[in-house]
Visitor: 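Okay, here's the structure, questions in a sec.
Quick note: residue numbers are just sequence positions, from 1.
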Amino acid sequence: MSFNTISVVGLGYIGLPTAAMFASKEKKVIGVDVNQYAVDTINAGRIHIVEPELDVMLKKAVDGGFLKATTTPEPADAFLIAVPTPFLPIKDQDSIPEPDLSYIKSAAKAVAKVLKKGDLVILESTSPVGATEQMSAWLAEERLDLSFPQTHGEDSDIRIAYCPERVIPGHVVRELVENDRVIGGMTNKCSQASIEVYKTFVEGDCVVTNARTAEMVKLTENSSRDVSIAFANELSIICDKLDIDVWELINLANLHPRVNILQPGPGVGGHCIAVDPEWLDTASKNAGYNPEMIRIARSMNSSMPEYLVSLLEANLDEVSISLDGASIAVLGVAYKANVDDSRESPFFRVKELLLAKGANLNIYDSWVKSENTVDSIQLAIHKSQAIVIVTDHSDMINFLNSFEFTSANIKVIIDGRNALDSKVIKDFGILYHGIGRK
Ligand code: SAJ
């Protein structure tokens with residue numbers, strides 16, 4: 001079976017670069033998204049998300065006639081589904097977060113209408129264990145005339161696989177090609193068909209396993225990072241208490257051949273590391289085991305916004321300023337530096353806590369404008385008595401590191417990202433406190 005026409009369903013941070021990558025290899029690509037604005041923007045050769053190199057790649061693909069976008073699926077040989085898997089609304093605070101598979105379900109039901117014998121359907125969305133089997137069942141419900149792996153094994157008309165994306169925002173185009181791929185076919189033929197499709201552009205290894213294990217691999221990768229970040233965050237609090245510079249400590253410890261401690265910060269955001277451990281936790285609880293370590297790491301990272309605000313309150317106290325009624329510049333809304341994505345960003349908890357304590361906020365982010373209350377970083381500084389850095393976008397940090405603070409009324413800076421040159425800040429007579437560093 002050759003896969004000449006490939007359809008990517010869901011044209012977000014993963015789907016759009018993946019579609020453009022296939023098109024760059026002169027595959028005929030049909031991108032599908034329910035968002036009409038996204039579809040129109042793409043068909044105009046432009047991008048609706050920010051990702052380095054993607055704009056040029058996409059324009060070339062659309063101008064070359066290799067990629068078109070639409071809101072409804074059209075026939076193709078392979079379908080890659082990269083739609084969101086958010087949380088279901090939390091019923092009450094004791095209920096465990098459940099994954100919302102409705103986007104996968106509606107994508108599957110839409111694709112089912114155009115499926116034909118020999119087609120391949122790959123799920124890429126980060127999903128709880130068992131989601132691929134569930135998707136295949138939804139497809140089979142829609143197409144009683146076709147057979148699927150869960151009933152016909154290797155003889156099925158349709159091939160089904162789970163192949164998790166692993167790319168990091170900011171380096172997606174490079175990592176799509178370089179990263180090894182986990183191929184989780186529901187049967188071996190499903191895996192082989194998936195390898196044929198990914199080998200269109202993947203130069204990394206394509207490693208075969210089954211769908212459930214592949215789903216678990218994805219959750220495991222991101223949960224392991226969440227646990228590692230939690231250790232770094234806890235270290236930063238310990239170092240604060242012991243008056244040790246956590247950054248120097250981590251750099252020294254990481255000289256050990258088998259030690260690789262990550263970076264402490266204001267908390268873990270994004271649609272992945274802050275979410276996937278919940279799927280693992282839920283799956284495990286539903287299977288009768290209560291995973292404590294994953295839980296503790298999640299709550300450690302979720303507690304960092306509180307810690308950041310407590311540092312601000314304590315330092316303001318030292319300069320006889322009460323947080324209640326104080327004007328605070330909150331710099332950074334995005335969940336990390338140099339991306340335009342604020343999903344699950346620690347910013348939202350920081351904002352909530354500061355408002356609850358009666359502070360007046362001057363919010364500025366150079367990449368995500370949706371929460372901004374001022375038009376420039378200068379205004380945020382000039383209207384404030386203290387600064388809290390939540391996101392270390394390069395442009396904002398370069399500005400702060402060369403800013404003449406004598407012209408401002410800033411008394412305290414809380415550096416949630418260890419991004420500023422603390423010595424320079426202190427020379428302006430400003431009280432500086434970073435995560436794990438004074
Ligand atoms: N963070 C820290 N300290 C660190 C590293 C990250 O506090 O040392 C914070 C970041 O500021 C951010 C969050 O963690 O708020 C996550 O950022 P990230 O850069 O670690 O990861 P993501 O969410 O951008 O991308 C992750 C990646 N997963 C892994 O590295 C295991 C990426 O490869 C995945 O494809 C992506 O999740 C995904 O889509 O699942």
Side-chain angles (χ1 to χ4, degrees), residues 3 5-23 27-43 48-49 67-88 98-116 118-144 146 148-150 156-165 167 184-186 190 193-194 197-198 211 214-215 218 271-272 275-276 279 343:
F3 300 99
T5 304
I6 294 177
S7 182
V8 177
V9 182
L11 300 174
Y13 289 94
I14 302 300
L16 188 59
T18 306
M21 186 61 79
F22 277 116
K27 285 286 182 185
K28 180 173 175 242
V29 180
I30 301 162
V32 182
D33 200 294
V34 290
N35 176 338
Q36 189 66 54
Y37 167 75
V39 164
D40 296 344
T41 307
I42 293 161
N43 286 334
H48 62 295
I49 56 171
L67 171 60
K68 73 166 190 177
T70 171
T71 53
T72 48
E74 295 176 11
D77 305 317
F79 297 83
L80 279 73
I81 296 182
V83 294
T85 43
F87 290 109
L88 277 171
E98 294 284 350
D100 176 0
L101 300 185
S102 64
Y103 294 81
I104 296 176
K105 187 173 185 176
S106 42
K109 290 192 178 280
V111 163
K113 296 190 175 62
V114 295
L115 274 184
K116 65 185 184 302
D119 286 356
L120 167 68
V121 181
I122 296 175
L123 180 60
E124 287 211 4
S125 308
T126 303
S127 306
V129 176
T132 307
E133 290 157 7
Q134 176 61 76
M135 177 188 76
S136 192
W138 283 324
L139 290 167
E141 271 170 27
E142 295 296 311
R143 295 297 303 269
L144 302 175
L146 292 170
F148 291 81
Q150 62 270 29
S156 64
D157 295 329
I158 303 298
R159 308 288 182 211
I160 304 282
Y162 181 76
C163 305
E165 57 77 18
V167 292
M186 284 181 70
C190 298
S194 306
V197 166
Y198 282 113
E215 290 157 345
K218 177 65 190 180
H271 184 59
C272 315
V275 173
D276 299 354
W279 300 160
R343 288 176 292 176

Visitor: Kindly indicate whether the side chain of Ser127, heavy atoms from C-beta on, has any atom under 4.5 Å from the side chain of Tyr162.
Guide: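 Touching, per the 4.5 Å side-chain cut-off.
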Visitor: Looking at His271 and Pro84, what are the two nearest heavy atoms and their distance?
Guide: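 Result for this residue pair: NE2-CA, 4.4 Å.
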Visitor: At their closest point, which heavy atom of Ala161 faces which heavy atom of Gly185, and how far apart are they?
Guide: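 Here Ala161 and Gly185 meet closest at CB-CA, 3.8 Å.
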Visitor: Within a strict 4.5 Å, meaning less than it, do heavy atoms of the Pro99 and Thr85 side chains meet?
Guide: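 The answer is no; the side chains never approach within 4.5 Å.
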Visitor: Tell me if a side-chain donor or acceptor on Ser125 pairs with a main-chain N or O of Val83 at a distance below 3.5 Å.
Guide: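 Checking the backbone N and O of Val83 against the side chain of Ser125, a donor-acceptor pair under 3.5 Å is found.
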Visitor: Distance-only, no hydrogens or angles: does the Lys218 side chain make a donor-acceptor pair with backbone N or O of Glu165 under 3.5 Å?
Guide: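 Yes, Lys218 side chain to Glu165 backbone: donor-acceptor pair under 3.5 Å.
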Visitor: With side chains defined as the heavy atoms from C-beta onward, is the minimum distance between Val275 and Thr126 less than 4.5 Å?
Guide: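 They are not in contact (no side-chain heavy atoms under 4.5 Å apart), so the answer is no.
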Visitor: Once rounded to the nearest 0.5 Å, what's the spacing between atom NZ of Lys68 and atom OG of Ser7?
Guide: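 With rounding to 0.5 Å, NZ (Lys68) is 9.5 Å from OG (Ser7).
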Visitor: Would you check if the side chain of Gln36 reaches a backbone N or O of Thr71 as a donor-acceptor pair within less than 3.5 Å?
Guide: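 No: the side chain of Gln36 does not pair with the backbone of Thr71.
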Visitor: Can you name the nearest heavy-atom pair linking Val197 to Ala78, along with the distance?
Guide: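 Scanning both residues completely, I find the closest heavy atoms to be CG2-CB, 4.1 Å.
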Visitor: So, for Leu101 and Ala131, which heavy atoms are closest and what is the spacing to 0.1 Å?
Guide: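 Reported closest heavy-atom pair: CD1-CB, 4.5 Å.
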Visitor: How many angstroms lie between atom CG of Leu11 and atom OG1 of Thr18, to the nearest 0.5 angstrom?
Guide: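 It comes to 9.5 Å.
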Visitor: Checking Glu133 against Gln150 for the side chain to side chain contact (heavy atoms under 4.5 Å, CB included) test, could you report, in this order, the C-alpha distance in whole Å, the side-chain angles of both residues, the deciding distance, and whether it holds?
Guide: CA-CA 7 Å; Glu133 290 157 7; Gln150 62 270 29; over 6 Å; no
Visitor: Would a 4.5 Å heavy-atom cut-off, applied to side chains only, mark Leu139 and Phe79 as touching?
Guide: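 Answer no - side chains too far apart.
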Visitor: Mind listing the closest non-hydrogen atom pair of Leu120 and Cys190 along with its distance?
Guide: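 Minimum heavy-atom contact is CD1-O, 4.1 Å.
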Visitor: What are the two closest non-hydrogen atoms of Cys163 and Glu124, and how far apart are they?
Guide: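 Cys163 and Glu124 have their closest heavy atoms at O-CG, 3.3 Å.
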Visitor: To the nearest 0.5 Å, how far apart are OG1 in Thr72 and CG in Asp33?
Guide: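 Answer for the OG1-CG pair, Thr72 versus Asp33, is 11.5 Å.
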Visitor: How many angstroms lie between atom NZ of Lys27 and atom OG1 of Thr5, to the nearest 0.5 angstrom?
Guide: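 Reported to 0.5 Å precision, the distance equals 8.5 Å.
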Visitor: Look at the rings of His48 and Tyr37 and say which category their plane angle falls in: under 30° parallel, 30 to 60° tilted, over 60° perpendicular.
Guide: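 Rings of His48 and Tyr37: perpendicular, as their planes differ by over 60°.
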Visitor: So among Val9, Ile158, Leu80, which one has a side chain to side chain contact (heavy atoms under 4.5 Å, CB included) with Val121?
Guide: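 It is Ile158; the other options fail the test.
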Visitor: Roughly how far apart are Leu123 CG and Ile81 CD1, rounded to 0.5 Å?
Guide: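 CD1 of Ile81 is found 6.5 Å from CG of Leu123.
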Visitor: Distance from Ile6 atom CD1 to Ile122 atom CD1, nearest 0.5 Å?
Guide: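 Interatomic distance, Ile6 CD1 to Ile122 CD1, rounded to 0.5 Å: 8.0 Å.
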Visitor: May I ask you to test the Lys109-Glu141 pair for a side-chain heavy-atom distance under 4.5 Å?
Guide: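 Result yes, sub-4.5 Å side-chain heavy-atom pair found.
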Visitor: Would you indicate whether the side-chain heavy atoms of Val32 and Thr70 approach each other to under 4.5 Å?
Guide: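 A side-chain contact exists here, since the closest heavy-atom pair is under 4.5 Å.
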Visitor: Check Asp77 with Lys116, please: is the shortest side-chain N to carboxylate O separation under 4.0 Å?
Guide: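 Result for this pair is yes, salt bridge flagged.
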